[in-house]
2 protein chains.
Amino acid sequence: MNIGEVAKRAGLPPKTIRYYEEIGLIAPRRDGNGYRSFDGQDLHRLAFLHRARALGFTIEDCRTLLALYADEGRASADVKAVAEDHLARIDEKISQLQSMRDTLGELIRSCAGDNRPDCPILKDLSAKP
Amino acid sequence: MNIGEVAKRAGLPPKTIRYYEEIGLIAPRRDGNGYRSFDGQDLHRLAFLHRARALGFTIEDCRTLLALYADEGRASADVKAVAEDHLARIDEKISQLQSMRDTLGELIRSCAGDNRPDCPILKDLSAKP
DNA sequence: CTTGACCTTCCAGTCACGGGAACCCCTATC
DNA sequence: GATAGGGGTTCCCGTGACTGGAAGGTCAAG
(Lines give C-alpha, C1' and ligand atoms only; values in the text may rest on other atoms or scores of the structure.)
Protein backbone atom coordinates (compact mmCIF):
# COMPACT_ATOMS: atom_id res chain seq x y z
CA MET A 1 0.00 0.00 0.00
CA ASN A 2 1.27 3.45 -0.85
CA ILE A 3 0.77 6.38 1.45
CA GLY A 4 -2.30 7.71 -0.38
CA GLU A 5 -4.11 4.41 -0.06
CA VAL A 6 -3.30 3.92 3.60
CA ALA A 7 -4.21 7.54 4.28
CA LYS A 8 -7.65 6.97 2.84
CA ARG A 9 -8.15 3.80 4.84
CA ALA A 10 -6.84 5.15 8.13
CA GLY A 11 -8.60 8.48 7.69
CA LEU A 12 -5.40 10.47 8.17
CA PRO A 13 -3.74 12.93 5.78
CA PRO A 14 -0.49 11.73 4.18
CA LYS A 15 1.31 14.62 5.86
CA THR A 16 0.29 13.34 9.25
CA ILE A 17 1.43 9.84 8.41
CA ARG A 18 4.85 11.08 7.34
CA TYR A 19 5.01 13.03 10.56
CA TYR A 20 4.17 9.94 12.58
CA GLU A 21 6.99 8.12 10.87
CA GLU A 22 9.37 10.99 11.54
CA ILE A 23 8.67 10.88 15.27
CA GLY A 24 8.91 7.12 15.35
CA LEU A 25 5.30 6.07 15.84
CA ILE A 26 5.38 3.88 12.74
CA ALA A 27 8.14 2.46 10.59
CA PRO A 28 6.84 1.35 7.20
CA ARG A 29 9.11 -0.48 4.74
CA ARG A 30 10.38 1.26 1.67
CA ASP A 31 10.00 0.08 -1.88
CA GLY A 32 12.86 0.09 -4.33
CA ASN A 33 11.74 3.46 -5.61
CA GLY A 34 11.84 5.01 -2.15
CA TYR A 35 8.06 4.98 -1.69
CA ARG A 36 6.76 3.99 1.72
CA SER A 37 5.07 0.60 1.63
CA PHE A 38 2.47 -0.01 4.32
CA ASP A 39 1.25 -3.41 5.39
CA GLY A 40 -1.80 -4.41 7.41
CA GLN A 41 -0.08 -3.84 10.70
CA ASP A 42 0.98 -0.33 9.76
CA LEU A 43 -2.59 0.40 8.82
CA HIS A 44 -3.75 -1.00 12.11
CA ARG A 45 -1.36 1.20 14.07
CA LEU A 46 -2.46 4.25 12.09
CA ALA A 47 -6.10 3.50 12.78
CA PHE A 48 -5.22 3.13 16.45
CA LEU A 49 -3.48 6.49 16.39
CA HIS A 50 -6.40 8.08 14.60
CA ARG A 51 -8.81 6.87 17.24
CA ALA A 52 -6.56 7.77 20.15
CA ARG A 53 -5.96 11.27 18.80
CA ALA A 54 -9.70 11.69 18.27
CA LEU A 55 -10.10 10.99 21.99
CA GLY A 56 -7.65 13.79 22.63
CA PHE A 57 -4.67 11.75 23.77
CA THR A 58 -1.38 13.54 23.20
CA ILE A 59 1.20 12.08 20.90
CA GLU A 60 3.23 10.96 23.90
CA ASP A 61 0.15 9.27 25.35
CA CYS A 62 -0.27 7.53 22.01
CA ARG A 63 3.30 6.33 22.13
CA THR A 64 2.70 4.88 25.58
CA LEU A 65 -0.60 3.32 24.57
CA LEU A 66 0.92 1.71 21.51
CA ALA A 67 3.69 0.27 23.65
CA LEU A 68 1.16 -1.11 26.11
CA TYR A 69 -0.87 -2.50 23.27
CA ALA A 70 2.18 -4.32 21.95
CA ASP A 71 3.09 -5.63 25.38
CA GLU A 72 1.25 -8.89 25.97
CA GLY A 73 2.23 -8.80 29.62
CA ARG A 74 0.83 -5.34 30.31
CA ALA A 75 -1.38 -4.60 33.28
CA SER A 76 -4.70 -3.00 32.38
CA ALA A 77 -4.09 -0.73 35.36
CA ASP A 78 -1.31 0.98 33.40
CA VAL A 79 -3.61 1.67 30.50
CA LYS A 80 -6.32 2.89 32.83
CA ALA A 81 -3.88 5.24 34.54
CA VAL A 82 -2.99 6.90 31.23
CA ALA A 83 -6.65 7.30 30.41
CA GLU A 84 -7.49 8.66 33.84
CA ASP A 85 -4.74 11.23 33.69
CA HIS A 86 -6.04 12.29 30.35
CA LEU A 87 -9.59 12.45 31.62
CA ALA A 88 -8.46 14.64 34.48
CA ARG A 89 -6.79 17.03 32.06
CA ILE A 90 -9.94 17.12 29.96
CA ASP A 91 -12.08 17.83 32.98
CA GLU A 92 -9.82 20.66 33.97
CA LYS A 93 -10.00 22.16 30.54
CA ILE A 94 -13.75 21.83 30.47
CA SER A 95 -14.13 23.58 33.77
CA GLN A 96 -11.83 26.39 32.67
CA LEU A 97 -13.89 26.81 29.54
CA GLN A 98 -17.13 26.60 31.48
CA SER A 99 -15.96 29.36 33.74
CA MET A 100 -15.03 31.53 30.76
CA ARG A 101 -18.33 30.67 29.19
CA ASP A 102 -20.29 31.73 32.24
CA THR A 103 -18.54 35.06 32.62
CA LEU A 104 -18.70 35.75 28.93
CA GLY A 105 -22.35 34.84 28.74
CA GLU A 106 -23.15 37.25 31.55
CA LEU A 107 -21.29 40.05 29.83
CA ILE A 108 -22.96 39.38 26.52
CA ARG A 109 -26.37 39.26 28.15
CA SER A 110 -25.81 42.63 29.72
CA CYS A 111 -24.63 44.33 26.54
CA ALA A 112 -27.24 46.16 24.51
CA GLY A 113 -25.53 45.44 21.23
CA ASP A 114 -26.79 48.57 19.56
CA ASN A 115 -25.06 51.51 17.94
CA ARG A 116 -24.31 53.31 21.18
CA PRO A 117 -20.79 53.14 22.58
CA ASP A 118 -21.69 52.13 26.14
CA CYS A 119 -20.60 48.56 26.63
CA PRO A 120 -20.44 46.50 29.81
CA ILE A 121 -18.06 44.08 28.12
CA LEU A 122 -15.44 46.75 27.63
CA LYS A 123 -16.25 48.13 31.05
CA ASP A 124 -15.49 44.78 32.60
CA LEU A 125 -12.30 44.27 30.65
CA SER A 126 -11.02 47.68 31.62
CA ALA A 127 -12.12 47.49 35.24
CA LYS A 128 -9.42 48.20 37.76
CA PRO A 129 -9.01 45.34 40.22
CA MET B 1 7.72 52.01 35.98
CA ASN B 2 10.15 49.36 34.83
CA ILE B 3 8.96 46.10 33.34
CA GLY B 4 9.26 44.15 36.59
CA GLU B 5 7.04 46.56 38.43
CA VAL B 6 4.38 46.73 35.75
CA ALA B 7 4.51 42.96 35.40
CA LYS B 8 3.70 42.56 39.07
CA ARG B 9 0.88 45.08 38.87
CA ALA B 10 -0.65 43.72 35.68
CA GLY B 11 -0.16 40.12 36.69
CA LEU B 12 1.73 39.25 33.54
CA PRO B 13 5.26 37.89 33.16
CA PRO B 14 7.83 40.34 31.76
CA LYS B 15 8.37 38.00 28.82
CA THR B 16 4.74 38.30 27.87
CA ILE B 17 4.86 42.06 28.11
CA ARG B 18 7.88 42.21 25.81
CA TYR B 19 6.01 39.94 23.45
CA TYR B 20 2.99 42.22 23.49
CA GLU B 21 5.21 45.11 22.59
CA GLU B 22 6.80 43.13 19.79
CA ILE B 23 3.42 42.42 18.19
CA GLY B 24 2.28 45.98 18.65
CA LEU B 25 -0.28 45.71 21.42
CA ILE B 26 1.55 48.24 23.56
CA ALA B 27 4.23 50.81 22.90
CA PRO B 28 5.93 51.94 26.09
CA ARG B 29 8.48 54.74 26.10
CA ARG B 30 12.15 54.02 26.56
CA ASP B 31 14.42 55.52 29.16
CA GLY B 32 17.86 56.80 28.35
CA ASN B 33 19.37 53.48 29.36
CA GLY B 34 17.15 51.55 26.97
CA TYR B 35 14.82 50.28 29.67
CA ARG B 36 11.12 50.27 28.89
CA SER B 37 9.24 52.86 30.90
CA PHE B 38 5.55 52.17 31.48
CA ASP B 39 2.99 54.79 32.45
CA GLY B 40 -0.51 54.40 33.87
CA GLN B 41 -2.08 53.93 30.48
CA ASP B 42 0.34 51.17 29.56
CA LEU B 43 -0.53 49.45 32.79
CA HIS B 44 -4.19 49.85 32.05
CA ARG B 45 -3.82 48.29 28.62
CA LEU B 46 -1.85 45.41 30.08
CA ALA B 47 -4.51 44.79 32.70
CA PHE B 48 -7.09 44.87 29.93
CA LEU B 49 -5.10 42.32 27.98
CA HIS B 50 -4.67 40.16 31.04
CA ARG B 51 -8.38 40.08 31.64
CA ALA B 52 -9.29 39.53 28.00
CA ARG B 53 -6.79 36.70 27.67
CA ALA B 54 -8.14 35.14 30.85
CA LEU B 55 -11.53 35.08 29.17
CA GLY B 56 -9.93 33.19 26.31
CA PHE B 57 -9.98 35.91 23.67
CA THR B 58 -7.27 35.42 21.08
CA ILE B 59 -4.56 38.00 20.63
CA GLU B 60 -6.27 39.21 17.48
CA ASP B 61 -9.54 39.54 19.39
CA CYS B 62 -7.63 41.54 21.97
CA ARG B 63 -6.29 43.83 19.29
CA THR B 64 -9.81 44.42 18.04
CA LEU B 65 -11.18 44.94 21.53
CA LEU B 66 -8.47 47.43 22.40
CA ALA B 67 -9.22 49.33 19.22
CA LEU B 68 -12.93 49.39 20.05
CA TYR B 69 -12.11 50.45 23.56
CA ALA B 70 -10.10 53.36 22.25
CA ASP B 71 -12.81 54.33 19.78
CA GLU B 72 -15.26 56.68 21.48
CA GLY B 73 -17.66 56.34 18.57
CA ARG B 74 -17.83 52.54 18.65
CA ALA B 75 -21.09 50.65 18.55
CA SER B 76 -21.52 48.20 21.41
CA ALA B 77 -22.89 45.81 18.80
CA ASP B 78 -19.38 45.46 17.41
CA VAL B 79 -18.00 44.51 20.79
CA LYS B 80 -20.85 42.11 21.37
CA ALA B 81 -20.23 40.46 18.02
CA VAL B 82 -16.62 39.74 18.92
CA ALA B 83 -17.69 38.30 22.23
CA GLU B 84 -20.43 36.20 20.67
CA ASP B 85 -18.10 34.73 18.10
CA HIS B 86 -15.74 33.85 20.87
CA LEU B 87 -18.51 32.32 22.94
CA ALA B 88 -19.51 30.17 20.00
CA ARG B 89 -15.95 28.91 19.64
CA ILE B 90 -15.84 28.12 23.34
CA ASP B 91 -19.12 26.24 23.17
CA GLU B 92 -17.84 24.20 20.28
CA LYS B 93 -14.70 23.31 22.17
CA ILE B 94 -16.65 22.39 25.25
CA SER B 95 -18.89 20.07 23.32
CA GLN B 96 -15.92 18.40 21.66
CA LEU B 97 -14.33 17.89 25.04
CA GLN B 98 -17.59 16.66 26.53
CA SER B 99 -17.88 14.08 23.82
CA MET B 100 -14.32 12.90 24.44
CA ARG B 101 -15.03 12.90 28.13
CA ASP B 102 -18.11 10.75 27.75
CA THR B 103 -16.43 8.15 25.59
CA LEU B 104 -13.32 8.12 27.74
CA GLY B 105 -15.35 7.83 30.92
CA GLU B 106 -17.19 4.82 29.55
CA LEU B 107 -13.95 3.12 28.61
CA ILE B 108 -12.38 3.81 31.97
CA ARG B 109 -15.45 2.55 33.76
CA SER B 110 -15.31 -0.70 31.86
CA CYS B 111 -11.61 -1.31 32.49
CA ALA B 112 -10.75 -3.49 35.46
CA GLY B 113 -7.50 -1.68 36.10
CA ASP B 114 -5.77 -4.66 37.60
CA ASN B 115 -2.64 -6.56 36.68
CA ARG B 116 -4.22 -8.60 33.93
CA PRO B 117 -3.59 -7.57 30.33
CA ASP B 118 -7.22 -7.57 29.13
CA CYS B 119 -8.24 -3.99 28.54
CA PRO B 120 -11.39 -2.61 26.91
CA ILE B 121 -9.63 0.71 26.37
CA LEU B 122 -7.00 -0.85 24.14
CA LYS B 123 -9.68 -3.01 22.58
CA ASP B 124 -11.64 0.07 21.62
CA LEU B 125 -8.63 1.91 20.28
CA SER B 126 -7.62 -1.02 18.15
CA ALA B 127 -11.11 -1.85 16.96
CA LYS B 128 -11.51 -2.16 13.22
CA PRO B 129 -14.21 0.12 11.92
C1' DC C 1 35.15 47.13 43.38
C1' DT C 2 32.22 43.61 43.48
C1' DT C 3 27.92 41.45 44.08
C1' DG C 4 23.37 40.66 42.81
C1' DA C 5 19.12 42.07 40.99
C1' DC C 6 17.49 44.18 37.38
C1' DC C 7 17.19 45.14 32.38
C1' DT C 8 18.29 44.38 27.17
C1' DT C 9 18.33 41.56 22.67
C1' DC C 10 18.31 37.40 20.14
C1' DC C 11 17.66 32.50 19.32
C1' DA C 12 15.42 28.16 20.01
C1' DG C 13 11.69 25.34 21.46
C1' DT C 14 6.85 24.22 22.43
C1' DC C 15 2.46 20.88 19.95
C1' DA C 16 0.86 18.51 16.08
C1' DC C 17 0.76 19.15 12.19
C1' DG C 18 -0.22 22.05 7.22
C1' DG C 19 1.46 24.65 3.01
C1' DG C 20 4.32 24.89 -0.55
C1' DA C 21 8.62 24.38 -3.36
C1' DA C 22 11.49 21.50 -6.00
C1' DC C 23 12.09 17.26 -7.64
C1' DC C 24 11.40 11.90 -8.76
C1' DC C 25 8.34 7.91 -10.45
C1' DC C 26 4.80 5.52 -13.04
C1' DT C 27 1.15 4.96 -16.29
C1' DA C 28 -1.48 6.36 -20.25
C1' DT C 29 -2.08 8.61 -24.32
C1' DC C 30 -0.84 10.84 -28.84
C1' DG D 1 9.33 8.83 -28.00
C1' DA D 2 7.49 12.90 -25.93
C1' DT D 3 4.30 14.47 -22.75
C1' DA D 4 0.69 15.07 -19.34
C1' DG D 5 -1.27 13.72 -15.08
C1' DG D 6 -1.30 12.03 -10.70
C1' DG D 7 1.14 9.75 -7.57
C1' DG D 8 5.34 9.92 -4.44
C1' DT D 9 9.83 12.14 -1.96
C1' DT D 10 12.49 15.61 1.00
C1' DC D 11 13.09 20.03 3.05
C1' DC D 12 11.90 24.28 5.12
C1' DC D 13 8.70 27.64 7.01
C1' DG D 14 4.59 28.95 9.63
C1' DT D 15 1.02 28.34 13.12
C1' DG D 16 -0.45 30.72 18.73
C1' DA D 17 1.08 32.62 22.44
C1' DC D 18 4.24 32.45 24.67
C1' DT D 19 8.66 30.29 27.62
C1' DG D 20 13.57 29.25 28.53
C1' DG D 21 18.08 30.41 28.16
C1' DA D 22 22.43 32.70 26.70
C1' DA D 23 25.20 36.79 26.46
C1' DG D 24 25.68 41.09 27.91
C1' DG D 25 24.47 46.18 29.73
C1' DT D 26 22.79 49.01 34.14
C1' DC D 27 22.07 50.26 38.74
C1' DA D 28 22.05 50.59 43.94
C1' DA D 29 24.17 48.76 48.05
C1' DG D 30 27.94 47.22 50.87
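Here is how names work: the chains are called A, B, and so on, in the same order as the sequence lines, proteins then strands, and each is numbered from 1. Treat the numbers as computed from the prediction; the structure is a model and nothing was measured. The figures that follow rest on heavy atoms only: side chains count, while hydrogens, waters and symmetry mates do not.
- Residue B:Ile3 is classed as a sugar-phosphate contact, given heavy-atom separations below 4.0 Å to backbone atoms only.
- As rounded to whole Å, 15 Å separates atom P of D:dG7 from atom CD1 of A:Ile17.
- Of the side-chain N and O atoms in B:Asn33, one or more sit less than 4.0 angstrom from OP1 or OP2 of D:dC27.
- Nucleotide C:dC26 holds its P atom 10 Å from the CG atom of A:Asn2, rounded to whole Å.
- Rounded to whole angstrom, the span from the CD1 atom of A:Ile59 across to the P atom of C:dT14 amounts to 14 Å.
- Rounded to an integer number of Å, the gap from A:Glu5 CD to D:dG6 C1' is 15 Å.
- Of the candidate nucleotides C:dG18, D:dT19, C:dA16, C:dA16 has the atom nearest to the side chain of A:Tyr19.
- In this structure, the nucleotide among C:dG20, D:dT19, C:dT8 sitting nearest to the side chain of B:Lys15 is D:dT19.
- Taking 4.0 angstrom as the limit, B:Tyr35 places none of its side-chain polar atoms (N or O) nearer than this to OP1 or OP2 of D:dG25.
- Remark: P of C:dC7 and CG of B:Asp31 are 11 Å apart, rounded to the nearest angstrom.
- If you check every strand for non-hydrogen atoms under 4.0 Å, B:Pro14 touches nothing.
- Salt-bridge check for A:Arg30 with A:Glu21: passed, with a basic side-chain N closer than 4.0 Å to an acidic carboxylate O.
- The pair B:Arg29-B:Asp39 does not count as a salt bridge, with every side-chain nitrogen at least 4.0 angstrom from each carboxylate oxygen.
- Residue B:Glu22 contributes atom CD, which lies 10 Å from atom C1' of D:dC18 at whole-angstrom precision.
- As rounded to whole Å, 13 Å separates atom C1' of C:dC15 from atom CG of A:Leu25.
- Residue A:Thr16 places none of its side-chain N or O atoms closer than 4.0 Å to OP1 or OP2 of C:dA16.
- Side-chain atoms of A:Asp114 and B:Ser76 form a donor-acceptor pair, as typed in the model, at a separation below 3.5 Å.
- Side-chain contact between B:Leu25 and B:Arg63 is present, with at least one heavy-atom pair separated by less than 4.5 Å.
- Taking atom CZ of B:Arg89 as the reference point, atom P of D:dG16 lies 12 Å away to the nearest angstrom.
- Distances shorter than 4.0 Å separate none of the side-chain N or O atoms of A:Arg18 from OP1 or OP2 on C:dC17.
- Within the 4.0 Å cut-off from OP1 or OP2 of C:dT9, at least one side-chain nitrogen or oxygen of B:Arg36 is found.
- Residue B:Phe57 is out of contact with every strand shown, counting any heavy-atom pair closer than 4.0 Å.
- When the side-chain nitrogen and oxygen atoms of A:Arg30 are compared with OP1 and OP2 of D:dT10, one or more of them lie within a distance under 4.0 Å.
- A salt bridge does not link B:Arg116 with B:Asp118: every distance from a Lys NZ or Arg NE/NH1/NH2 to an Asp or Glu carboxylate oxygen is 4.0 Å or more.
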